[in-house]
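I'd like to ask you about the structure that follows.
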Number of protein chains: 2
Amino acid sequence: MRAAIVAIGSELLSTDRLDTNSLRITERLERHGVELVAKSVVGDDEAAIARELARRLAEAELLIVSGGLGPTADDVTREATAAALGRRLIDDPEVWRAIERRFASFGRVPSPNNRRQALVIEGARVLANPRGSAPGLRIEDGPRTLFLFPGVPHELDGMLAADLEPWLAARSGGSALDYAWFKTALRAESEVDGQLEPAYAEFGRERITILAGIGEVKVRIAAAGPEAERRARLETMGARVRALLGAGVYGEGAETTLEQVVGERLIERGWTIAVAESCTGGLLAERLTRQPGSSRYFAGGAVVYANQAKSGILGVPAALVEEHGAVSEPVARAMAEGCRLAFGTDLAVAITGIAGPDGGSPEKPRGTVHEALAGPEGTEHRRFRFPGDRERVRAYAAQAALEIVRRRLLGIGGAIWTEEPAR
Amino acid sequence: MRAAIVAIGSELLSTDRLDTNSLRITERLERHGVELVAKSVVGDDEAAIARELARRLAEAELLIVSGGLGPTADDVTREATAAALGRRLIDDPEVWRAIERRFASFGRVPSPNNRRQALVIEGARVLANPRGSAPGLRIEDGPRTLFLFPGVPHELDGMLAADLEPWLAARSGGSALDYAWFKTALRAESEVDGQLEPAYAEFGRERITILAGIGEVKVRIAAAGPEAERRARLETMGARVRALLGAGVYGEGAETTLEQVVGERLIERGWTIAVAESCTGGLLAERLTRQPGSSRYFAGGAVVYANQAKSGILGVPAALVEEHGAVSEPVARAMAEGCRLAFGTDLAVAITGIAGPDGGSPEKPRGTVHEALAGPEGTEHRRFRFPGDRERVRAYAAQAALEIVRRRLLGIGGAIWTEEPAR
């Protein structure tokens with residue numbers, strides 16, 4: 001079964017409001033294996049709504065409409081739907097009595113406007129809305145079904161649980177979609193895509209989605225069908241993706257973060273870490289401490305923006321900065337080693353670079369970042385050239401530092417994307 | 001002129017992603033008096049995209065499409081648009097050379113997949129995308145215009161400014177909306193709303209929008225009409241709002257940030273600053289250094305998560321932590337004063353608190369945060385109780401620290417919202 005969602009309301013076409021109802025509707029649909037093919041937002045315009053509904057009914061068997069069922073003149077979803085289906089609107093005395101009763105329970109009487117909420121599309125089933133005055137409607141139209149729900153999130157939620165969910169459950173017969181996620185850091189999207197080619201061929205391209213962020217590429221796989229079958233299929237697909245991407249996968253699961261995985265590996269190893277940051281200005285420490293419980297392994301960090309702070313807090317010799325510049329391999333190494341001493345940790349990672357917009361030069365253009373990791377077995381160094389503006393360079397640099405730590409903890413070697421060859 | 005927005009991407013039909021690009025596109029449209037009639041999201045399905053575009057072209061003269069221009073096989077916006085318009089796709093060697101140059105500037109070569117990004121729709125104008133590899137396209141089709149933009153927000157933003165805005169400006173003929181923004185930190189939304197009542201009465205409620213974030217309330221005012229008239233109106237409205245909100249307004253302009261304003265005040269004063277952070281874990285330093293040129297006033301920061309680091313790096317007496325606990329007024333004061341000494345700055349601000357989820361107690365529940373500011377005239381302290389989860393408490397705490405610094409720099413006294421009375 002395919003579904004479409006239409007949200008009605010001119011306010012949802014403004015600069016500061018989004019249709020978030022669709023996320024909760026989508027969750028119900030996914031749970032029952034219903035494929036969402038499109039979602040759209042239309043203003044309070046009867047002709048436009050009618051046109052939109054008619055179109056969506058041509059491409060989906062299930063149409064879920066939210067909003068425009070209120071009592072005011074700009075609530076025209078009932079009229080538009082009747083027009084789209086070529087049906088009449090009928091004043092339903094029973095619905096009107098329910099509205100009167102609801103108002104009476106608050107010691108009030110409905111206004112004449114509310115009378116419009118008692119209009120029911122011919123042949124529709126009225127869906128009670130105990131949280132508000134606008135009832136919902138379910139309409140069967142040949143092989144197609146429309147649900148009209150109120151747009152108020154709280155009222156909608158109640159009706160999704162009471163009306164949509166049981167209707168979907170009765171039809172899905174245990175057939176649903178399951179997902180799995182695989183996350184990689186500091187990999188090129190096109191490279192991950194290339195590695196997945198055999199999986200596309202084997203499982204179908206529409207089942208595998210690649211999502212790229214800054215220094216992060218996420219792969220989502222989806223399996224459909226009856227429960228046992230789709231679980232088995234997800235296992236098979238997952239094993240294939242895991243094998244194709246190898247140690248590049250830092251974690252699985254939609255919510256897994258690189259800082260979380262690094263934290264878990266540190267706890268496993270019983271190690272502590274500290275960080276020394278220049279151009280990232282605290283971003284790396286901030287990411288590590290986003291993780292609840294990070295105090296078990298994170299001792300602290302030094303943001304050494306001024307060169308004086310590099311010497312004063314981390315003991316980086318002023319002569320080293322003088323000779324090689326603050327953005328250099330020797331200074332990155334000295335920062336990491338000084339940080340390890342100052343915080344008394346097992347590991348310390350240091351970042352020094354040029355995030356821009358100023359400070360670049362022909363030999364050290366913007367995006368040049370040196371990172372070093374000091375540990376019990378010595379200090380390693382990598383030099384990067386990250387693309388983008390200040391914000392992106394900082395984000396890449398923090399992500400790369402976490403990936404360097406992850407690789408050290410797992411003993412994974414090799415070059416990292418955007419890393420420059422050693423000179 | 002009427003417009004429609006279509007966002008392409010199967011991930012935008014999932015339960016955890018929304019098309020937020022449309023908000024920024026809408027802002028540009030509104031500014032030039034273009035009416036948005038619908039927006040929709042379609043998955044990576046060539047036939048469905050082609051159908052959607054053809055329909056929207058029947059109801060709008062301007063169609064803005066984002067997403068699906070990447071190098072991977074599921075990026076099919078180019079093909080779908082060509083199909084919807086009945087035009088051919090042509091491999092453009094000049095576009096390909098630009099992609100090669102971009103990759104070369106990072107010392108890399110494009111993958112064979114990237115070749116698809118050099119496909120151009122017959123008759124289209126290629127729009128350079130300096131922030132990414134996917135160029136945009138502008139296509140005239142009789143009285144209609146289509147823009148194809150990349151979906152990556154950062155790349156889209158650049159192209160909205162460089163391509164959409166000038167195109168709209170050339171057509172709007174001075175009939176447009178102008179906006180002004182007024183930003184406040186650590187104020188309650190309802191309080192700001194109350195203060196604005198007289199302005200609602202005077203200028204109309206629909207012209208004044210309040211947008212609330214974490215520890216930040218933004219007021220947007222809008223004026224319409226011919227240029228001279230709307231400019232004058234915006235001046236009048238702005239003066240009124242400024243007077244009503246007083247020193248609570250930290251800055252004006254949509255993009256102005258609290259860290260930027262603090263930086264400007266520090267530069268004016270010729271002062272430097274350092275930060276000492278516990279529960280915010282580097283977030284305050286990260287925010288201060290987001291600002292380009294922050295090295296002029298920001299010396300550095302110490303993230304002292306472990307108590308040992310509080311003593312070792314900042315010289316906070318271990319006995320003080322022992323006696324009062326790490327989250328206490330004496331420790332916050334000692335952190336600020338120790339930080340000021342360690343970095344040799346004019347000001348130092350310290351944050352220590354309980355972000356959760358663990359670590360709370362009946363006397364010091366989650367959200368309890370002590371902040372102190374040390375300066376040439378002594379040290380001040382405030383105690384907060386912030387609402388929400390770990391992420392929100394951290395965001396509030398960093399925002400409050402910046403607001404404390406701003407108030408000190410401007411000599412503004414008084415209590416801050418969410419601040420607990422001194423005991």
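Labels below follow one simple rule: chain letters A, B, ... track the order of the sequence lines, proteins then strands, and each chain is numbered from 1.
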Quiz item: Which region of B:Glu391, side chain (C-beta onward) or backbone (N, CA, C, O), has a non-hydrogen atom less than 4.5 Å from a non-hydrogen atom of chain A, or is it both or neither?
Solution: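 Contact with chain A involves no heavy atom of B:Glu391 at all.
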Quiz item: Do any N or O atoms from the side chain of B:Arg55 and from the backbone of A:Arg55 form a donor-acceptor pair under 3.5 angstrom?
Solution: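 Checked: pair present.
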Quiz item: Based on non-hydrogen pairs under 4.5 Å, which of B:Pro292, B:Ala306, B:Ser111 is most in contact with chain A?
Solution: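 Among the listed options, the one with the most contacts to chain A is B:Pro292.
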Quiz prompt | chain A contact via B:Glu277 - side chain, backbone, both or neither, heavy atoms under 4.5 Å | solution =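 For B:Glu277, there is no contact with chain A at all, as no heavy atom is under 4.5 Å.
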Self-check item: Proximity breakdown for B:Ala342 and chain A, heavy-atom pairs closer than 4.5 Å
Solution: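 For B:Ala342, backbone and side chain are both near chain A.
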Exercise. Given side chain to side chain contact (heavy atoms under 4.5 Å, CB included), test B:Thr26 with A:Leu13 step by step and report yes or no.
Key: CA-CA 8 Å; B:Thr26 305; A:Leu13 291 172; over 6 Å; no
Quiz item: Okay, side chain of B:Arg394, backbone of A:Thr289: is any donor-acceptor separation there less than 3.5 Å?
Solution: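 Flag set: sc B:Arg394 to bb A:Thr289 pair under 3.5 Å.
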Self-check item: Residue pairs fulfilling salt bridge (Lys or Arg N to Asp or Glu O under 4.0 Å) with at least one residue in residues 290-309 of chain A, sequence neighbours excluded
Solution: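 Checked against salt bridge (Lys or Arg N to Asp or Glu O under 4.0 Å) - neighbours excluded - the pairs reaching residues 290-309 of chain A are A:Glu259-A:Arg290, A:Glu286-A:Arg290.
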Self-check item: Contacting moiety of A:Glu35, where chain B heavy atoms sit under 4.5 Å
Solution: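 It is neither, since no heavy atom gets under 4.5 Å.
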Self-check item: Charged N-O contact under 4.0 Å between A:Lys218 and B:Glu11
Solution: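 Judged by the 4.0 Å cut-off on N to carboxylate O distance, A:Lys218 and B:Glu11 do not form a salt bridge.
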Quiz item: Does the side chain of B:Arg220 come within less than 4.5 Å of A:Thr15's, by heavy atoms?
Solution: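 Counting from C-beta outward, A:Thr15 and B:Arg220 do come under 4.5 Å.
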Exercise. Could you list which of residues 36-46 of chain B have a heavy atom closer than 4.5 Å to any heavy atom of chain A, in residue-number order?
Key: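 Residues B:Leu36, B:Val37, B:Ala38, B:Lys39, B:Ser40, B:Val41, B:Val42, B:Gly43 are the ones that qualify, each having a heavy atom under 4.5 Å from chain A.
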Quiz item: OG/B:Ser295 to CG/A:Asn307 distance, rounded to the nearest 0.5 angstrom?
Solution: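 Rounded to the nearest 0.5 Å, the OG-CG separation comes to 9.5 Å.
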Self-check item: B:Phe298 and A:Val303, any side-chain heavy atoms less than 4.5 Å apart
Solution: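 They are in side-chain contact.
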Quiz item: What do you reckon, is CD of A:Gln195 surrounded by more than 12 foreign heavy atoms closer than 6.0 Å?
Solution: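 For A:Gln195, atom CD is crowded (more than 12 foreign heavy atoms under 6.0 Å).
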Quiz item: Side chain, backbone, both or neither: which part of A:Ser294 has a non-hydrogen atom closer than 4.5 Å to chain B?
Solution: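 Answer is both: backbone and side chain atoms of A:Ser294 are under 4.5 Å from chain B.
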Quiz prompt | More than 12 heavy atoms of other groups within 6.0 Å of A:Glu191 CD | solution =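 For A:Glu191, atom CD is crowded (more than 12 foreign heavy atoms under 6.0 Å).
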